Amino acid sequence: MSIKIYCKRCDSEIKNGDKFYENFPGEFYCKDCVEEKTITYYSVGSEIIGTDEEIGVYYNYNQLKEEIEHKIKWCDEWIEAYQNDDTKVGKFTLEFYKEKKRLFQESLKEYFR
């Protein structure tokens, strides 16, 4: 029996005895092209509330305040970038970041009166 399997990414032949991965039936990747990663997620009880990219972890109130202030500055940068963009996407993006900024400012006022 002659089987030839090729890596979908680099097109190299995967030989019998080589470690390889299958994503979907017939979609194979060689060990050199696959990178194993670990995802951390947080749960409350049995409900997943988010991944490490979505959840903020703070050790004091000042860290939270600094993070919110950083997000406000980040929104300001986007607002500045899109303030003169008259395209439909530009106007939408501008309004999106203005609203995010408003919400962050409300959070800052609520938590740190």
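All of these numbers come straight from a predicted model, not from anything done at the bench.
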key: Note, Tyr111 side chain near Ile68 side chain (heavy atom, < 4.5 Å)   = yes
Min side-chain heavy-atom separation Glu13-Ile5 under 4.5 Å = no
query = With a cut-off of 6.0 Å (strictly less than), are more than 12 heavy atoms of other residues, nucleotides or ligands near OH of Tyr58?
reply = yes
query = Nearest 0.5 Å, what's the CG-CD1 distance between Leu108 and Ile72?
reply = 5.0 Å
task = Mind checking the NZ-CG spacing from Lys91 to Asp86? Nearest 0.5 Å is all I need.
result = 5.5 Å
request  = Could you walk me through whether Tyr82 and Phe96 pass the side-chain contact (heavy atoms from CB on, under 4.5 Å) test, one step at a time?
outcome  = CA-CA 10 Å; Tyr82 282 93; Phe96 175 81; over 6 Å; no
query = Is Arg102 salt-bridged to Glu106, going by a charged N under 4.0 Å from an acidic O?
reply = yes
request  = Among Ile, Leu, Val, Met, Phe, Trp and Tyr joined by side-chain contacts under 4.5 Å, find the other residues sharing a cluster with Ile48 and list them by chain and number.
outcome  = Tyr41
query = Does atom CZ of Arg9 have more than 12 heavy-atom neighbours, drawn from other residues, nucleotides or ligands, at distances under 6.0 Å?
reply = no
key: Separation between CD of Glu80 and SG of Cys75, rounded to the nearest 0.5 Å   = 13.0 Å
request  = Check the surroundings of atom CD in Glu47: do more than 12 heavy atoms from other residues, nucleotides or ligands lie under 6.0 Å from it?
outcome  = no
inquiry  = Taking the side chain as everything from C-beta on, heavy atoms only, tell me whether Thr51 gets closer than 4.5 Å to Thr40.
reply    = no
remark   = Separation between CD1 (Ile3) and CD1 (Ile14), nearest 0.5 Å, reads 12.0 Å
message = With a 3.5 Å distance limit and no angle check, can you tell me whether Ser43 reaches the backbone of Ser46 through a side-chain donor-acceptor pair?
response = no
key: Shared hydrophobic cluster, Ile79 / Leu103 (ILVMFWY, side-chain heavy atoms < 4.5 Å)   = no
query = Do NZ/NE/NH1/NH2 and the carboxylate oxygens of Lys31 and Asp18 come within less than 4.0 Å?
reply = no
message = Do Lys98 and Leu94 have side chains that approach each other closer than 4.5 Å (heavy atoms only, starting at C-beta)?
response = yes
ask   = How far apart are the closest heavy atoms of Cys30 and Cys7, and which atoms are they?
value = N-SG, 3.4 Å
query = Given the rule that I, L, V, M, F, W and Y join up when any side-chain heavy atoms are under 4.5 Å apart, are Val89 and Tyr97 in one cluster?
reply = no
request  = Please confirm whether Phe104 and Trp74 have ring centers closer than 6.0 angstrom.
outcome  = no
task = Please check if Tyr59 and Ile55 belong to a single hydrophobic cluster, counting links between Ile, Leu, Val, Met, Phe, Trp and Tyr side chain heavy atoms closer than 4.5 Å.
result = yes
message = Does anything in residues 15-38 form a ring-ring contact (aromatic ring centres under 6.0 Å, His included)? List the pairs, not counting sequence neighbours.
response = Phe20-Phe28
message = Please check if the number of heavy atoms outside Glu54 that lie under 6.0 Å from its CD is greater than 12.
response = yes
remark   = Value for NZ (Lys8) from SG (Cys33), rounded to nearest 0.5 Å, stands at 12.5 Å
key: Spacing of CG belonging to Leu64 relative to CD belonging to Glu69, to within rounding of 0.5 Å   = 9.5 Å
